[in-house]
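Structure record follows, encoded as structure tokens.
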2 protein chains.
Amino acid sequence: MKQISTRFSMAVHILCLLATSPADCTGDFIAQSVNTNPVIIRRIMGMLKKAGLVDVRPGVGGASLRKPPDQITLLDVYRAVRVVETDQLFRIHEHPNIQCPVGRNIEAVLQAELKAAQAAMEERLSQTTISRLIAQFQ
Amino acid sequence: MKQISTRFSMAVHILCLLATSPADCTGDFIAQSVNTNPVIIRRIMGMLKKAGLVDVRPGVGGASLRKPPDQITLLDVYRAVRVVETDQLFRIHEHPNIQCPVGRNIEAVLQAELKAAQAAMEERLSQTTISRLIAQFQ
DNA sequence: CACCGTTGTAACCATTATAGTTATATCTTC
DNA sequence: GAAGATATAACTATAATGGTTACAACGGTG
């Protein structure tokens with residue numbers, strides 16, 4: 001069983017840190033909170049930056065949110081770290097035998113259902129914002 | 001990006017074959033339709049058998065559904081082939097720093113949201129049956 | 001009983017994504 | 001230029017997948 005990469009949960013962790021910390025967080029500081037190597041953090045920060053979610057200051061150091069935390073949804077993060085490409089959570093076996101009625105139809109018919117299932121999950125992710133998460137911290 | 005195994009789509013393919021074929025299908029016949037190695041088919045058949053979805057006749061050969069196709073949902077298949085263990089589609093990074101307010105809370109708070117997202121997807125899968133799929137074949 | 005085609009599995013391999021690590025280049029301020 | 005930070009390339013170990021070969025066990029048929 002292969003699960004969705006921890007890159008996603010780490011990215012959420014990073015954004016929660018940026019949203020709650022008064023000062024700018026450096027990669028090393030974040031790495032300590034996440035408990036991993038700073039390079040991992042910088043890799044993820046690069047993706048968040050590309051997605052327009054954070055600002056990173058090379059040289060001087062530190063990062064900050066580019067949007068208020070109530071305007072960043074889990075779906076935004078999910079997309080930013082590209083754990084899954086669009087409509088590709090499920091993989092379908094390739095080149096079934098098109099001589100067979102099932103082999104000929106299975107891909108198109110299944111594809112539609114699986115996309116719908118993926119969309120249902122993403123819809124749910126889009127309902128949760130970073131600010132909603134940090135409101136639950138104690 | 002890691003996707004959900006084709007084991008799932010192959011399993012659906014197999015069940016559609018069993019639902020539409022008049023005669024019993026052998027592993028080799030199914031393998032030809034799926035276009036893969038018979039051992040792959042037998043592996044998946046073993047999982048479907050354990051889940052009570054199919055009957056397989058060793059020795060004589062062939063398999064058949066144990067339930068009418070309108071009573072087998074995509075969620076049943078998804079569970080049967082165990083592409084993802086219960087509530088574990090998403091993985092969360094381990095051992096965050098509990099000295100940090102975010103590190104201390106992130107796991108519990110995120111876990112709840114991710115479970116909800118996964119549940120939304122599974123709910124959608126449970127709405128589609130094998131008979132619904134084959135009704136769309138042409 | 002022996003044969004034959006089938007299922008059931010174990011063992012192994014190549015491929016791929018991930019998480020982590022080391023090293024080095026680049027940037028900004030002082 | 002020094003100091004401290006980010007950016008990134010290259011490499012490793014690990015794990016899941018899909019495929020393959022090989023062989024044991026099963027169950028009818030001649």
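Everything numeric here is computed off the predicted structure, so don't read it as measured data. Chain identifiers are assigned alphabetically (A, B, ...) following the order of the sequence lines, protein sequences preceding nucleic acid strands; residue numbering begins at 1 within each chain.
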Any non-hydrogen side-chain atom of Asp76(A) less than 4.5 Å from a side-chain atom of Leu125(A)? no

Atom-pair distance (CD1 on Ile41(B); P on dG8(C)), nearest Å: 13 Å

Please report, rounded to the nearest Å, how far the C1' atom of dG19(D) is from the CZ atom of Arg7(B). 14 Å

Separation of Ile14(B) atom CD1 from dT7(C) atom P, in whole Å? 11 Å

In whole angstroms, how far is the P atom of dG18(D) from the CZ atom of Arg82(B)? 14 Å

Are Val39(B) and Met47(B) linked, directly or through other ILVMFWY residues, by side chains that come within less than 4.5 angstrom of each other? no

Side chains of Leu89(B) and Glu122(B): does their closest heavy-atom pair fall under 4.5 Å? no

Shortest side-chain distance from Arg91(B), nucleotide among dA19(C), dT17(D), dT7(C): dA19(C)

Base, sugar-phosphate, or nothing for Gly59(B), non-hydrogen atoms under 4.0 angstrom? base

Beyond-backbone contact of Gln136(A) with Glu113(B), side-chain heavy atoms, under 4.5 angstrom: yes

Taking atom C1' of dG19(D) as reference, at what distance in whole Å does atom CD1 of Ile44(B) sit? 12 Å

Test your reading of the model: is there a side-chain donor-acceptor pair from Gln3(B) to the backbone of Gln88(A), 3.5 Å cut-off? yes

Checking Tyr78(B) now: which residues fulfil ring pair (Phe, Tyr, Trp, His ring centres under 6.0 Å) with it, not counting sequence neighbours? Phe8(B)

Report yes or no: do Val56(A) and Ile44(A) belong to one cluster of Ile/Leu/Val/Met/Phe/Trp/Tyr joined by side chain heavy-atom distances under 4.5 Å? yes

So which protein nitrogen or oxygen atoms get under 3.5 Å of nucleotides 28-30 of chain D's nitrogens or oxygens?
none

Does Ser5(A) place a side-chain N or O at less than 4.0 Å from the phosphate oxygens OP1/OP2 of dA17(C)? no

Let me know, please, whether Thr6(A) or Cys25(B) comes out on the 5' side of the other along DNA chain C by nearest nucleotide. Cys25(B)

Please tell me if Thr26(A) has a side-chain N or O lying less than 4.0 Å from either OP1 or OP2 of dA5(D). no

Could you give the NE2-to-P distance, from His95(A) to dG18(D), as a whole number of Å? 14 Å

Closer than 4.0 Å, any side-chain N/O of Thr36(B) to the OP1 or OP2 of dG18(D)? no

Take the protein atom CE of Met47(B) and the nucleotide atom C1' of dG18(D), then report the distance between them rounded to whole Å. 12 Å

Length of the CG-C1' vector between Asn37(B) and dT7(C), whole Å: 14 Å

Report yes if the side chains of Pro69(B) and Ile72(B) come closer than 4.5 Å at any heavy-atom pair, otherwise no. no

Short N/O separations, protein against nucleotides 7-11 of chain D, under 3.5 angstrom:
unit_1	atom_1	unit_2	atom_2	d
dA7(D)	OP1	Lys49(A)	NZ	2.5
dA7(D)	N7	Arg42(A)	NH1	3.1
dA7(D)	N6	Arg42(A)	NH1	3.1
dT8(D)	O4	Arg42(A)	NH1	3.4

I'd like to know if the side chain of Asn35(A) reaches the main chain of His95(B), judged simply by a donor and an acceptor atom lying under 3.5 Å from each other, with no hydrogens or angles considered. yes

